[in-house]
Amino acid sequence: MSSPQSQSQRMSNYFLPTLKETPSEAQIVSHRLMLRAGMVRQSAAGLYSWLPLGLKALRKIETIVREEQAKAGAIEMLMPTLQSADIWRESGRYEDYGKEMLRITDRHGRDLLYGPTNEELITQIFRDNVVSYKDLPKNLYHIQWKFRDEIRPRFGVMRGREFLMKDGYSFDIDEASARTAYYKMFLAYLRSFRRMGLKAMPVAADTGPIGGDLSHEFIILAETGESEVFCHSDILDLPVPEAELMGDDTGDLAPLIESFTQYYARSDEMHDSAMFEAQVPADKQVTARGIEVGHIFYFGQKYSTAMKALVAGPDGKDTAVHSGSYGIGISRLVGGIIEASHDDDGIVWPWAVAPFHVGLINLKPGHEGCDALCARLFDTLSQNGLDVLYDDRDERAGAKFSTMDLIGLPWQAVIGPRGAEGQEVEIKNRATGEKHVLALDAAIALLSSPPESAQ
RNA sequence: CGGGGCUUGGCGCAGUCUGGUAGCGCACCUGGUUUGGGACCAGGGGGUCGCAGGUUCGAGUCCUGCAGCCCCGACCA
């Protein structure tokens, strides 16, 4: 009964194994809630199966990233999870990477590895297929599972060993145009995180051997964040520039970027307290905890030189391309969003990444009036393109309310015998707890857009 | 990888010190009563007690080895 684009579900047909009690291994709130809400199950240290509800949230985040990458001109592709060790030997990282890299030998005795990142592979693809500056610039990305054999995986999906990441790579003829590529991604990241309902702050990051000012981490603020961040409070309230501001003529992106980078913002590893005190007025100094959800950096000719990714310039001479890489931790974001948005009763999903928009509760399945009104609401919302999770189980009211609060869908629509009588629906805003009793049409109108507080 | 802890039914736990053939709550099944914030009564199903050795008439319990998982630290998207 739902439209093709809607992914509405009846709970009686769904797979949503919720838990009343928290499994003992989960310590932080997002991990606890993801287990209790039936989003993931752990299969081994740092490895998780994504159950239907968790997968839906993951896919929504993925879609936002994909759309914003497209707007910024990046092109999607897909590279394999396993890579040949040969290209890593070429770049010199096979030896350097250490035990974090999972090394595998196939039946022929060839050395493979489960990719922790893809600079080598993309560089190989690039050099084999692009030979002229006329084909530049290019920005290629993929969204793929990675593996890093962390010494100590923890925090659920926030620091698993296997993780879903969007990683993109830009290729430019010189540093100036590479800088433009970097700026575009900087802005695309701000927009992506804002769409997910997050306040993400770009902080200066270590540029390593390359130097320069082109490396930023994007941090979302959450009390349980892994690192401490120090910033000027104004950076938190800067408006995020719209995509329309970014045509192909991007010569003047620098001022936009500077509107962010002019403020002091650093995580603990780069923090300089003397500089902080000097640059930020006391009443604007913010110290908080955050979770890194993205990292962009320019690495120049590091891989292109080592791996001979050369293109002919206008003068006919070969030069190594200038590259940058741009990562977003997609699976980590699921945990990060929950860290940033929950309460004592459960998750509070921002509209854009909620697994379903509306949780519909039938207080009395089998009651003719309730069933009919629920069916009408379910069908209409679904046909309007909304994702509805319909609790049609034969459970007590309290159990349904608790489950719905736990999984945290932005809107709850409750229909019981009382309301069915008058064709009325009780609507609850999950974030604020605010309730309204509305006639069917008014309820449909309200449920069709985000609750204000979730925007 | 250093330090600490844990492993008993799907989940949370007791039982281990002091050896005697496994228990509680939740969940699940059946029947009944309930029915707007995780109900109640009665009955029921489900566990080679992480694995492998050993001691013993007898091991969840004692000994040895191994594995898995969690926490703190160092490291990281």
Side-chain angles (χ1 to χ4, degrees), chain A residues 17-28 31-32 35-38 41-47 65 97-101 115-118 143-168 189 200 205-206 215-220 225-227 267-269 290-297 325-336 344-346 361-367 370 391 393-407 412-420 424-426 428 433 435 437:
Chain A
T18 57
L19 303 170
K20 246 193 236 185
E21 291 175 282
T22 304
S24 58
E25 77 262 18
Q27 299 298 316
I28 62 162
H31 192 190
R32 289 201 298 259
L35 289 169
R36 288 194 53 213
R41 287 294 181 266
Q42 181 173 124
S43 71
L47 300 177
V65 169
Y97 218 92
K99 288 188 168 179
E100 271 200 346
M101 186 155 74
T117 178
N118 285 64
I143 294 175
Q144 178 63 290
W145 292 91
K146 309 282 192 293
F147 188 91
R148 291 184 195 170
D149 199 358
E150 298 284 347
I151 297 167
R152 189 187 156 204
R154 63 181 119 176
F155 304 149
V157 300
M158 295 229 295
R159 177 109 180 263
R161 290 193 292 176
E162 188 184 44
F163 54 97
L164 187 63
M165 182 173 170
K166 169 260 159 182
D167 49 325
Y189 274 39
D206 191 356
S215 179
H216 288 88
E217 290 176 352
F218 289 79
I219 306 247
I220 59 175
E226 62 206 326
S227 53
S267 65
D268 40 16
E269 54 189 22
I291 299 165
E292 182 185 345
V293 290
H295 193 171
I296 61 177
F297 58 98
S325 79
Y326 313 92
I328 293 182
I330 295 192
S331 50
R332 160 176 275 208
L333 270 164
V334 179
D344 289 347
D345 296 323
I361 293 177
N362 184 342
L363 282 179
K364 194 159 187 167
H367 179 282
C370 290
D391 191 344
R393 297 173 304 164
D394 186 19
E395 286 283 346
R396 295 174 64 82
K400 296 185 183 190
F401 292 137
S402 298
T403 297
M404 217 44 104
D405 284 346
L406 174 64
I407 67 177
Q412 294 175 12
V414 181
I415 292 174
R418 275 196 325 243
E424 287 176 335
V425 184
E426 181 179 296
K428 175 177 158 184
K435 295 177 184 172
V437 175

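To find a chain, count down the sequence lines: A is the first, B the second, and so on, and within it residues start at 1.
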- Task: Determine: side-chain N/O of A:Lys20 to OP1/OP2 of B:A27, distance under 4.0 Å, yes or no.
- Result: yes

- Counting only distance, no hydrogens or angles, is the base of B:G12 paired donor-acceptor with the side chain of A:Thr22 under 3.5 Å? no

- Message: Say we look at B:G50 and B:C69: how far apart would their C1' atoms be, to the nearest angstrom?
- Response: 10 Å

- Item | Spacing of A:Glu150 atom CD relative to B:G73 atom P, expressed in whole Å | 15 Å

- Message: Nearest to the A:Phe163 side chain among B:G12, B:A77, B:G36, which nucleotide is it?
- Response: B:A77

- Task: Just name whichever nucleotide pairs with B:G73, Watson-Crick or G-U, keeping both distances under 3.5 Å, else none.
- Result: B:C1

- Message: By the 4.0 Å heavy-atom rule, please label A:Gly329 as base, sugar-phosphate, or nothing.
- Response: nothing

- Note on the structure: Scanning all shown strands, the Watson-Crick or wobble mate of B:G31 with both distances under 3.5 Å is B:C41

- Message: In whole Å, measure the gap between the P atoms of B:G38 and B:G23 for me.
- Response: 31 Å

- Message: For the backbone of A:Asn118 and the side chain of A:Lys146, can you confirm whether one donor and one acceptor N or O come within less than 3.5 Å of each other?
- Response: no

- Task: Could you tell me whether the side chain of A:Arg159 has a donor or acceptor atom within less than 3.5 Å of a complementary atom in the base of B:C76?
- Result: yes

- Message: Given 3.5 Å as the limit, does a donor-acceptor pair link the side chain of A:Lys428 with the main chain of A:Val414, or not?
- Response: no

- Is the closest side-chain heavy-atom distance between A:Arg154 and A:Ile28 below 4.5 Å? no

- Message: Considering every strand and a 4.0 Å limit on heavy-atom distances, what is the contact class for A:Gln42: base, sugar-phosphate, or nothing?
- Response: sugar-phosphate

- Message: Please give the distance between the P atoms of B:G46 and B:U7 as a whole number of Å.
- Response: 25 Å

- Distance, P atom - from B:G36 to B:G47, rounded to whole angstrom: 37 Å

- Task: Report yes if the ring of A:Phe401 lies under 5.5 Å from the six-membered base ring of B:G38 with planes under 30°, and no otherwise.
- Result: no

- Message: Base of B:G38, side chain of A:Glu395 - is there a donor-acceptor contact under 3.5 Å?
- Response: no

- Among B:A77, B:C76, B:G36, find the nucleotide with the atom closest to the side chain of A:Glu426. B:G36

- Item | Nucleotide of B:G38, B:G36, B:C76 approaching A:Glu100 most closely (side-chain heavy atoms) | B:C76

- Query: Got A:Tyr97 and A:Arg148 here, is their nearest side-chain heavy-atom distance under 4.5 Å?
  - Reply: yes

- Message: Any side-chain N or O of A:Ser24 below 4.0 angstrom from OP1/OP2 of B:C70?
- Response: no

- Taking the nucleotide of RNA chain B with the closest heavy atom to each, which residue, A:Phe155 or A:Gly294, is nearer the 5' end? A:Phe155

- Message: At less than 4.0 Å, is any side-chain N or O atom of A:Gln27 found next to OP1 or OP2 of B:C72? Yes or no.
- Response: no

- Query: Nearest to the side chain of A:Ala397 - B:G12, B:G36, B:A77?
  - Reply: B:G36

- Note on the structure: Side-chain atoms of A:Pro23 come closest, of B:C76, B:C1, B:G12, to B:G12

- Message: What's the gap between B:A22 and B:C13 when it is taken at their C1' atoms, as a whole Å value?
- Response: 14 Å

- Message: For the C1' atoms, the ones on B:U21 and on B:G32, what distance do you get once it is rounded to whole angstrom?
- Response: 37 Å

- Message: Donor-acceptor check, side chain of A:Glu150 to backbone of A:Phe147, threshold 3.5 angstrom: yes or no?
- Response: no

- Item | Between B:A59 and B:A67 - P atom distance, rounded Å | 26 Å

- Message: So, OP1 or OP2 of B:A39: does either fall under 4.0 Å of a side-chain N or O from A:Arg396?
- Response: yes

- Message: Any donor-acceptor pair under 3.5 Å linking the side-chain atoms of A:Asp167 with those of A:Gln144?
- Response: no

- Item | P spacing across the pair B:A74 / B:G20, given as an integer number of angstrom | 45 Å

- Query: What nucleotide among B:A77, B:G37, B:C72 has an atom nearest to a side-chain atom of A:Arg154?
  - Reply: B:C72

- Task: Select one nucleotide: of B:G36, B:A77, B:G37, the one nearest the side-chain heavy atoms of A:Arg418.
- Result: B:G36

- Message: Just by distance, no angles: are the side chains of A:Ser325 and A:His295 close enough, under 3.5 Å, to form a donor-acceptor pair?
- Response: no

- Contact under 4.0 Å: A:Arg152 side-chain N or O vs B:C72 OP1/OP2: yes

- Message: Judged by each residue's nearest nucleotide on RNA chain B, which is more toward the 5′ side, A:Gly160 or A:Ser43?
- Response: A:Ser43

